[in-house]
Amino acid sequence: MTQRTLVLLKPDAVRRGLIGEIIGRIERKANWTISALELRSLDQDTLEAHYGEHKGKPFYEPLVAFMSSGPIVALVVEGERVIEGVRQLAGPTDPIAAQPGSIRGDFGTIVRENLIHASDSEESAERELKLFFPGLV
Ligand SMILES: Nc1ncnc2c1ncn2[C@@H]1O[C@@H]2COP(=O)(O)O[C@H]2[C@H]1O
(Lines give C-alpha, C1' and ligand atoms only; values in the text may rest on other atoms or scores of the structure.)
Protein backbone atom coordinates (compact mmCIF):
# COMPACT_ATOMS: atom_id res chain seq x y z
CA MET A 1 0.00 0.00 0.00
CA THR A 2 1.88 3.06 -1.25
CA GLN A 3 1.09 6.18 0.79
CA ARG A 4 2.26 9.75 1.29
CA THR A 5 2.72 11.41 4.66
CA LEU A 6 3.59 14.86 5.95
CA VAL A 7 6.54 15.03 8.34
CA LEU A 8 7.53 18.19 10.22
CA LEU A 9 10.84 18.53 12.06
CA LYS A 10 9.82 20.94 14.80
CA PRO A 11 11.82 24.03 15.85
CA ASP A 12 13.57 22.10 18.66
CA ALA A 13 14.92 19.55 16.17
CA VAL A 14 16.21 22.32 13.89
CA ARG A 15 17.74 24.35 16.78
CA ARG A 16 19.46 21.28 18.20
CA GLY A 17 21.05 20.28 14.90
CA LEU A 18 19.04 17.06 14.58
CA ILE A 19 17.79 17.52 11.00
CA GLY A 20 20.36 15.11 9.54
CA GLU A 21 19.91 12.56 12.31
CA ILE A 22 16.14 12.42 11.93
CA ILE A 23 16.04 12.54 8.14
CA GLY A 24 18.78 9.88 8.11
CA ARG A 25 16.54 7.51 10.07
CA ILE A 26 13.74 8.02 7.54
CA GLU A 27 16.14 7.57 4.60
CA ARG A 28 17.60 4.36 6.04
CA LYS A 29 14.22 2.63 6.09
CA ALA A 30 14.09 0.64 2.85
CA ASN A 31 12.00 1.73 -0.12
CA TRP A 32 10.69 5.08 1.13
CA THR A 33 11.29 8.26 -0.86
CA ILE A 34 11.51 11.88 0.25
CA SER A 35 9.64 13.67 -2.53
CA ALA A 36 9.59 17.23 -1.13
CA LEU A 37 11.60 19.01 1.55
CA GLU A 38 11.62 22.63 2.71
CA LEU A 39 12.99 24.72 5.59
CA ARG A 40 10.44 27.39 6.45
CA SER A 41 8.81 29.48 9.18
CA LEU A 42 5.13 28.86 9.87
CA ASP A 43 2.58 31.67 9.94
CA GLN A 44 -0.35 31.84 12.37
CA ASP A 45 -2.95 30.84 9.74
CA THR A 46 -1.07 27.67 8.84
CA LEU A 47 -0.61 26.77 12.51
CA GLU A 48 -4.29 27.40 13.30
CA ALA A 49 -5.33 25.20 10.39
CA HIS A 50 -2.82 22.48 11.27
CA TYR A 51 -3.62 22.35 15.00
CA GLY A 52 -7.32 23.36 14.77
CA GLU A 53 -8.46 20.17 16.52
CA HIS A 54 -6.48 21.22 19.63
CA LYS A 55 -7.86 24.79 19.84
CA GLY A 56 -9.19 25.43 23.36
CA LYS A 57 -6.95 22.81 25.00
CA PRO A 58 -4.54 24.11 27.65
CA PHE A 59 -1.48 23.24 25.56
CA TYR A 60 -2.74 24.92 22.37
CA GLU A 61 -1.40 28.48 22.83
CA PRO A 62 2.08 27.37 24.07
CA LEU A 63 2.18 24.85 21.21
CA VAL A 64 1.50 27.53 18.59
CA ALA A 65 4.08 29.83 20.22
CA PHE A 66 6.65 27.01 20.18
CA MET A 67 5.93 26.09 16.56
CA SER A 68 6.50 29.71 15.54
CA SER A 69 9.68 30.08 17.63
CA GLY A 70 11.98 29.15 14.74
CA PRO A 71 12.11 27.44 11.38
CA ILE A 72 10.80 23.93 10.81
CA VAL A 73 11.59 21.41 8.09
CA ALA A 74 8.57 20.08 6.18
CA LEU A 75 8.94 16.85 4.20
CA VAL A 76 6.75 14.64 2.09
CA VAL A 77 7.66 10.97 2.43
CA GLU A 78 6.23 8.31 0.14
CA GLY A 79 6.22 4.54 0.28
CA GLU A 80 4.77 1.32 1.60
CA ARG A 81 2.81 1.88 4.84
CA VAL A 82 4.74 5.08 5.41
CA ILE A 83 2.05 6.71 7.59
CA GLU A 84 2.23 4.01 10.26
CA GLY A 85 5.96 3.54 9.68
CA VAL A 86 7.08 7.11 10.34
CA ARG A 87 4.91 7.24 13.46
CA GLN A 88 6.67 4.09 14.69
CA LEU A 89 10.05 5.73 14.05
CA ALA A 90 8.86 8.85 15.95
CA GLY A 91 7.47 7.01 18.99
CA PRO A 92 4.56 8.18 21.16
CA THR A 93 3.78 11.86 21.79
CA ASP A 94 5.38 11.91 25.26
CA PRO A 95 9.14 11.43 24.78
CA ILE A 96 9.56 10.01 28.27
CA ALA A 97 7.04 7.27 27.45
CA ALA A 98 8.71 6.67 24.06
CA GLN A 99 11.02 3.67 23.73
CA PRO A 100 14.74 4.32 23.35
CA GLY A 101 15.46 3.65 19.70
CA SER A 102 12.61 5.89 18.59
CA ILE A 103 13.28 9.53 17.64
CA ARG A 104 11.35 10.95 20.60
CA GLY A 105 12.67 8.25 22.93
CA ASP A 106 16.28 8.97 21.98
CA PHE A 107 16.20 12.77 21.91
CA GLY A 108 13.20 14.19 23.78
CA THR A 109 12.06 14.88 27.33
CA ILE A 110 9.24 17.45 26.88
CA VAL A 111 5.79 16.60 25.48
CA ARG A 112 5.46 19.86 23.55
CA GLU A 113 9.03 19.80 22.21
CA ASN A 114 8.80 16.31 20.82
CA LEU A 115 10.91 16.92 17.72
CA ILE A 116 8.72 15.53 14.95
CA HIS A 117 5.17 15.55 13.62
CA ALA A 118 3.90 12.81 11.34
CA SER A 119 0.37 12.49 9.89
CA ASP A 120 -1.68 9.95 11.86
CA SER A 121 -4.03 8.63 9.13
CA GLU A 122 -4.63 8.77 5.38
CA GLU A 123 -7.29 11.46 5.95
CA SER A 124 -4.92 13.62 8.05
CA ALA A 125 -2.12 13.10 5.54
CA GLU A 126 -4.31 14.30 2.68
CA ARG A 127 -5.44 17.40 4.59
CA GLU A 128 -1.95 18.24 5.92
CA LEU A 129 -0.21 17.71 2.58
CA LYS A 130 -2.66 20.14 0.94
CA LEU A 131 -1.95 22.69 3.68
CA PHE A 132 1.85 22.46 3.59
CA PHE A 133 2.46 21.57 -0.06
CA PRO A 134 -0.54 22.96 -2.00
CA GLY A 135 1.28 22.56 -5.33
CA LEU A 136 1.74 18.81 -4.89
CA VAL A 137 -0.02 16.68 -7.52
N1 LIG B 1 -0.35 17.50 27.05
C2 LIG B 1 0.40 18.21 26.20
N3 LIG B 1 1.18 19.21 26.66
C4 LIG B 1 1.93 19.93 25.80
N5 LIG B 1 1.98 19.72 24.47
C6 LIG B 1 1.23 18.73 23.98
C7 LIG B 1 0.40 17.94 24.81
N8 LIG B 1 -0.24 17.03 24.04
C9 LIG B 1 0.19 17.27 22.78
N10 LIG B 1 1.06 18.28 22.75
C11 LIG B 1 1.73 18.86 21.58
O12 LIG B 1 0.72 19.00 20.60
C13 LIG B 1 1.18 18.37 19.43
C14 LIG B 1 0.11 17.81 18.55
O15 LIG B 1 0.75 17.24 17.43
P16 LIG B 1 1.95 16.18 17.63
O17 LIG B 1 1.31 14.87 17.97
O18 LIG B 1 2.85 16.30 16.49
O19 LIG B 1 2.77 16.68 18.93
C20 LIG B 1 2.03 17.21 19.97
C21 LIG B 1 2.82 17.93 21.03
O22 LIG B 1 3.85 18.73 20.47
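One is the number of the first residue; the rest follow in order along the sequence. We count ligands from 1, going down the list as the structure has it; atoms in each ligand are counted the same way.
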For [atom], which protein heavy atom lies nearest, and how many Å away is it?
| atom | value |
| --- | --- |
| atom 21 (C) of ligand 1 | Val111 O, 3.5 Å |
| atom 13 (C) of ligand 1 | Leu63 CD2, 3.8 Å |
| atom 3 (N) of ligand 1 | Phe59 CB, 3.6 Å |

For [X], the ligand 1 atoms whose distance to one of its heavy atoms is below 4.0 Å:
| X | result |
| --- | --- |
| Asn114 | 19 (O), 20 (C), 21 (C), 22 (O) |
| Tyr51 | 14 (C), 15 (O) |
| His117 | 18 (O) |
| Lys10 | 16 (P), 18 (O), 19 (O), 20 (C), 21 (C), 22 (O) |

Please report the closest heavy-atom contact between [X] and [Y], naming both atoms and the distance.
| X | Y | result |
| --- | --- | --- |
| Ala125 | Ser119 | CA-OG, 3.5 Å |
| Glu78 | Ser35 | OE2-OG, 2.9 Å |
| Glu80 | Thr2 | OE2-OG1, 3.5 Å |

Can a non-hydrogen atom of Phe66 be found less than 4.0 Å from any atom of ligand 1?
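The answer is no: ligand 1 sits nowhere under 4.0 Å from a heavy atom of Phe66.
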State which residues pass side-chain hydrogen bond (donor to acceptor under 3.5 Å, both in side chains) with Asp43; sequence neighbours excluded, sorted by chain then number.
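Partners of Asp43 by the side-chain hydrogen bond (donor to acceptor under 3.5 Å, both in side chains) criterion, ordered by chain and then number, come out as Thr46.
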With a sphere of 6.0 Å drawn around CD of Glu126, does it hold more than 12 non-hydrogen atoms of other residues, nucleotides or ligands?
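Atom CD in Glu126 is not crowded, with 12 or fewer foreign heavy atoms closer than 6.0 Å.
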Does Tyr60 sit in a hydrophobic cluster with other residues, and if so which ones, taking ILVMFWY side chains as linked at heavy-atom separations under 4.5 Å, directly or through other members?
Leu6, Leu8, Leu42, Leu47, Tyr51, Phe59, Leu63, Val64, Phe66, Met67, Ile72, Val76, Leu129, Leu131, Phe132, Phe133, Leu136
Mind checking the CD1-CG spacing from Ile103 to Asn114? Nearest 0.5 Å is all I need.
10.5 Å
Where's the contact between His54 and ligand 1, heavy-atom distance under 4.0 Å: side chain, backbone, both or neither?
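Under 4.0 Å from ligand 1, His54 contributes side-chain atoms alone.
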